[in-house]
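Along the sequence shown, residues carry numbers from 1.
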Amino acid sequence: MLIRKLFKFEGAHIVRNCSSHRCRENIHGHSYIVEVFITSDKLDRGYMVIDFVLLDKVKELVDSFDHTYSLWQEESDELKTFIYKYNRRVAEIPVLLQKDTLCCSFT
């Protein structure tokens, strides 16, 4: 049996090592979709593969990136100061956040 749950969030970033000048030199945003797949060969005592309430932690994680600037920890101090000054939601992370690294981070 397979259960899937879809989550969506909006986020902004700069992709410093991108081949496109637009991506590596400008703050820009994306609409992200995170899809969680859960498989099981049997049902639990409640006759479910999983109680969706247990996915609240996944929702919390996804929500922590919603309308958040993903700041690469290797960015210049000047940009970090600017981002923190004008944004209330910042996630300083060790990777350049893009769809490829996002997928790898949570598999």
Query - Residue pair Asp66 / Phe9: nearest heavy atoms and the distance that separates them - result: OD1-CA, 3.4 Å

**Report entry** Test ring-ring contact (aromatic ring centres under 6.0 Å, His included) applied to Phe82 - qualifying residues, sequence neighbours left out
**Finding:** Tyr86

Query raised in the report: Of all residues at least two apart in sequence or in a different chain, which pass the salt bridge (Lys or Arg N to Asp or Glu O under 4.0 Å) check with Glu35?
Result: Arg4

Report task. Would you mind listing every side chain to side chain donor-acceptor pair (under 3.5 Å) that reaches into residues 41-62, with sequence neighbours excluded? Result -> Lys59-Asp63

Requested in this report: With side-chain contact (heavy atoms from CB on, under 4.5 Å) as the test, would you mind laying out the steps for Val58 and Phe7 before giving the verdict?
Outcome: CA-CA 9 Å; Val58 174; Phe7 301 93; 3.5 Å; yes

**Report entry** Atom pair OH (Tyr69) and CD1 (Ile83), whose distance is rounded to the nearest 0.5 Å
**Finding:** 4.5 Å

Requested in this report: Considering only Ile, Leu, Val, Met, Phe, Trp and Tyr, and joining two whenever side-chain heavy atoms are under 4.5 Å apart, list the other residues clustered with Leu2.
Outcome: Phe37

Query raised in the report: Taking only residues at least two apart or on different chains, which pairs with a member in residues 7-30 satisfy salt bridge (charged side-chain N to carboxylate O under 4.0 Å, His left out)?
Result: Arg16-Glu75

Query - Qualifying residues under side chain to side chain contact (heavy atoms under 4.5 Å, CB included), relative to Thr81, sequence neighbours excluded - result: none

Query raised in the report: Which atoms form the tightest heavy-atom contact between Phe65 and Ser70, and what is the distance?
Result: CD2-OG, 3.9 Å

**Report entry** Val95 vs Gln73 side-chain heavy atoms within contact, under 4.5 Å
**Finding:** no

Query raised in the report: Hey, any chance Ile50 and Met48 share a hydrophobic cluster, counting ILVMFWY side chains that come within less than 4.5 Å of each other, even indirectly?
Result: no

Query raised in the report: Just wondering, do Leu71 and Ile93 contact through their side chains at under 4.5 Å, heavy atoms?
Result: no

Query - His28: partners by side chain to side chain donor-acceptor pair (under 3.5 Å), with sequence neighbours left out - result: His13, His30

Query - Ser64 side chain vs Val62 backbone, donor-acceptor pair below 3.5 Å - result: no

Requested in this report: Write down the atom of Asn26, the atom of Ile14, and the distance for their closest heavy-atom approach.
Outcome: O-CG1, 3.5 Å

Query raised in the report: Quick one: salt bridge (Lys or Arg N to Asp or Glu O under 4.0 Å) partners of Lys80, sequence neighbours excluded?
Result: Glu92

**Report entry** Side chain to side chain, Val36 and Ile3, heavy atoms closer than 4.5 Å
**Finding:** no

Query raised in the report: Closest approach of Ala91 and Thr68, non-hydrogen atoms and distance?
Result: N-CG2, 3.4 Å

**Report entry** Any side-chain heavy-atom pair of Ile33 and Leu6 under 4.5 Å
**Finding:** yes

